[in-house]
Amino acid sequence: MHIKRRVFIKNLILGFLGLIGFIYLDSFWIEKYIIDWNTHDLSDGAKQKIKIIQLSDLHLKEIKYFHKTIADKINTEKPDIVVFTGDTISRKNTYHILEQFLKLIDPEIFKIAILGNKEYDAKVAMPLFKATFKKYNGIVLINENYAFLKDKRVINIIGIDDFLRGSSNFKTAIHHIDTQLDTIVLNHCPAYTDVIDALNSEENLKIKVVLSGHTHGGQITFFGIPFYTPGGSGDYVKGWYQKTTTKMYVSKGIGTTALPIRFFARAEASIFYV
């Protein structure tokens with residue numbers, strides 16, 4: 001009886017230690033560094049599809065091996081555009097890190113970035129930020145729109161300023177826009193999509209999708225239920241949301257803030273065909 005009890009306690013301890021080890025491995029490595037790539041086809045049978053890869057919340061502080069795997073994947077996929085939906089860098093003097101990352105991506109691939117709250121918190125020098133993207137075939141949109149041409153097809157890309165620290169203004173962003181074109185909206189904080197959706201009931205833009213980030217999918221969750229989401233998240237955490245006039249995809253993003261772990265909120269990058 002005593003032997004069986006000792007074996008039971010030993011197995012219980014080993015099981016507990018194994019669980020702790022798994023949680024540690026999962027939180028500090030698997031969910032942070034093995035990127036979940038998702039593909040979504042919104043082209044609705046368009047003859048000329050446009051391929052977009054979304055990267056959100058990179059929070060670049062240094063270039064690690066997994067950043068190189070992301071760039072390799074992008075170069076293999078050969079998208080028409082890579083969009084950076086905010087919080088690409090979160091420290092003031094990390095432009096050289098951003099440049100190192102952009103340098104890994106094929107310069108022929110066009111890049112479009114918007115701002116997140118972390119760029120504002122870090123008091124990022126906007127001329128330098130814009131110049132860094134421009135050097136690597138990219139632009140930064142701050143309440144602006146851009147007409148992207150592929151062969152004979154043109155789509156609108158709208159970039160909204162950050163909702164928390166910037167001055168989000170959908171009306172300004174769509175100034176002089178061609179309302180007949182399919183449109184993609186880049187909007188860091190998903191809460192502002194409620195405003196976009198309401199305003200678009202009057203504007204009637206053909207918005208295919210609003211691409212957001214910011215939430216990190218909760219970053220640390222109890223089997224997908226977040227303990228906390230930052231201000232500007234609204235009622236949104238991750239994945240697809242259908243609004244009245246638009247639909248939105250909230251990326252779990254790639255980097256981390258506060259604690260350097262993810263739990264049941266695996267880092268992701270997404271491929272969209274529009």
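One is the number of the first residue; the rest follow in order along the sequence. Predicted model only: the values in this text are computed from it and were never measured.
- Within a 6.0 Å sphere centred on NE2 of His96, heavy atoms belonging to other residues, nucleotides or ligands number more than 12.
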Please report, to 0.1 Å, the donor-acceptor pairs under 3.5 Å made by any side chain of residues 227-234, with sequence neighbours excluded.
residue, atom, partner, partner atom, Å
Ser233, OG, Pro230, O, 2.6

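- Minimum heavy-atom separation, Lys92 to Ala122: CB-O, 3.1 Å.
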task: Take Lys247 and Leu42, measure what side-chain contact (heavy atoms from CB on, under 4.5 Å) needs, and give me the verdict at the end.
output: CA-CA 11 Å; Lys247 57 184 172 183; Leu42 308 175; 3.9 Å; yes
- Task: Just do the side-chain contact (heavy atoms from CB on, under 4.5 Å) check on Lys208 and Ser43 with the steps written out, would you?
- Result: CA-CA 9 Å; Lys208 302 280 283 186; Ser43 62; 5.8 Å; no
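- The line from CD1 of Ile177 to CG of Asn156 is 3.5 Å long, rounded to the nearest 0.5 Å.
- The backbone N or O of Gln180 sits less than 3.5 Å from a side-chain atom of Asp178, completing a donor-acceptor pair.
- Formation of a donor-acceptor pair under 3.5 Å by the Lys150 side chain with backbone atoms of Asp80 is not found in this model.
- With Lys243 as the fixed residue, the side chain to side chain donor-acceptor pair (under 3.5 Å) test singles out one of Asp197, Thr193, Asn200, Asp194: Asp194.
- Hydrophobic clustering keeps Phe163 apart from Leu115 (ILVMFWY residues linked when any side-chain heavy atoms are closer than 4.5 Å, directly or through intermediates).
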Item checked: Audit row: Glu203, Thr179, side-chain hydrogen bond (donor to acceptor under 3.5 Å, both in side chains) steps and yes/no -> CA-CA 8 Å; Glu203 301 294 341; Thr179 59; over 6 Å; no
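- No donor-acceptor distance shorter than 3.5 angstrom exists from the side chain of Asp57 to the backbone of Lys252, with no hydrogens or angles considered.
- Using cut-offs of 30° and 60° on the angle between ring planes, the pair Tyr146 and Phe148 is tilted.
- No salt bridge links Glu119 with Arg165; every basic N to acidic carboxylate O contact stays at or beyond 4.0 Å.
- Shown here is Glu108, whose CD atom has no more than 12 heavy atoms of other residues, nucleotides or ligands within 6.0 Å.
- Crowding of Lys206 atom NZ: a count of heavy atoms from other residues, nucleotides or ligands under 6.0 Å exceeding 12.
- Distance alone, capped at 3.5 Å, is enough to place a donor-acceptor pair between the Glu31 side chain and the Phe264 backbone.
- Here CZ of Phe129 is found 8.5 Å from CD1 of Ile142. Values are rounded to the nearest 0.5 Å.
- No side-chain donor from either of Tyr192 and Asp161 sits under 3.5 Å from a side-chain acceptor of the other.
- Heavy-atom contacts from other residues, nucleotides or ligands closer than 6.0 Å to NZ of Lys61 number more than 12.
- Lys171 has its side chain within reach of Glu202: a pair of non-hydrogen atoms, C-beta onward, lies under 4.5 Å apart.
- Residue Tyr95 comes nearest to Ala125 through the heavy atom pair OH-N, 2.7 Å, listed as atom of the first residue, atom of the second, then distance.
- The two atoms that bring Ile254 and Glu268 nearest to each other are CG1-O, 3.4 Å, heavy atoms only.
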Dump the intermediate steps for side-chain contact (heavy atoms from CB on, under 4.5 Å) on Leu102 and Phe84, then the final yes or no.
CA-CA 11 Å; Leu102 293 176; Phe84 297 75; 3.8 Å; yes
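- The CD1 atom of Ile184 sits 9.0 Å away from atom CD1 of Ile207, with the distance rounded to the nearest 0.5 Å.
- Of the possible donor and acceptor atoms, one in the side chain of Asp162 sits under 3.5 Å from a partner among the backbone N and O of Asn117.
- Atom CD of Gln54 sits about 7.5 Å away from atom OG of Ser212, to the nearest 0.5 Å.
- A donor-acceptor pair under 3.5 Å links the side-chain atoms of Thr183 to the main chain of Leu181, judged by distance alone.
- Remark: side-chain polar atoms of Asn143 are paired, donor with acceptor, to backbone N or O of Ser167 under 3.5 angstrom.
- With hydrogens and angles disregarded, a donor-acceptor distance shorter than 3.5 Å links the side chain of Arg262 to the backbone of Gly255.
- Distance CD1/Ile50 to CD1/Ile155: 4.0 Å, rounded to 0.5 Å.
- The two atoms that bring Leu141 and Ile158 nearest to each other are CD1-C, 4.4 Å, heavy atoms only.
- Here the options are Ile271, Leu186, Val209, Val83, the test is side-chain contact (heavy atoms from CB on, under 4.5 Å), and the partner is Ile52; only Val83 passes.
- Distance check: Leu211 CG to Met248 CE gives 10.5 Å after rounding to the nearest 0.5 Å.
- The side chain to side chain donor-acceptor pair (under 3.5 Å) check on Thr172 picks up Asn169, with sequence neighbours excluded.
- Between Leu58 and Thr88, the closest heavy-atom pair is CB-O, 3.7 Å.
- For Lys49 and Asp41, the salt-bridge test passes: some basic side-chain N is under 4.0 Å from an acidic carboxylate O.
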Please report the C-alpha distance between Ile81 and Phe272 in whole Å, then the side-chain angles of each, then the deciding distance to 0.1 Å, and finally whether the side-chain contact (heavy atoms from CB on, under 4.5 Å) criterion is met.
CA-CA 10 Å; Ile81 315 170; Phe272 296 88; over 6 Å; no
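- Neither Val124 nor Ile112 shares a network with the other; the hydrophobic side chains, linked directly or stepwise wherever heavy atoms of I, L, V, M, F, W or Y lie under 4.5 Å apart, form separate groups for each.
- Closest non-hydrogen pair, Gly159 versus Ile114, comes out as CA-CG2, 3.6 Å.
- Within the 3.5 Å criterion, the main-chain N or O of Ile97 finds no donor-acceptor partner in the side chain of Glu62.
- Counting only distance, with no hydrogens or angles, the side chain of Asp87 and the backbone of His59 share no donor-acceptor pair below 3.5 Å.
- Classified by interplanar angle (parallel below 30°, tilted 30° to 60°, perpendicular above 60°), the ring pair His40/Tyr249 is tilted.
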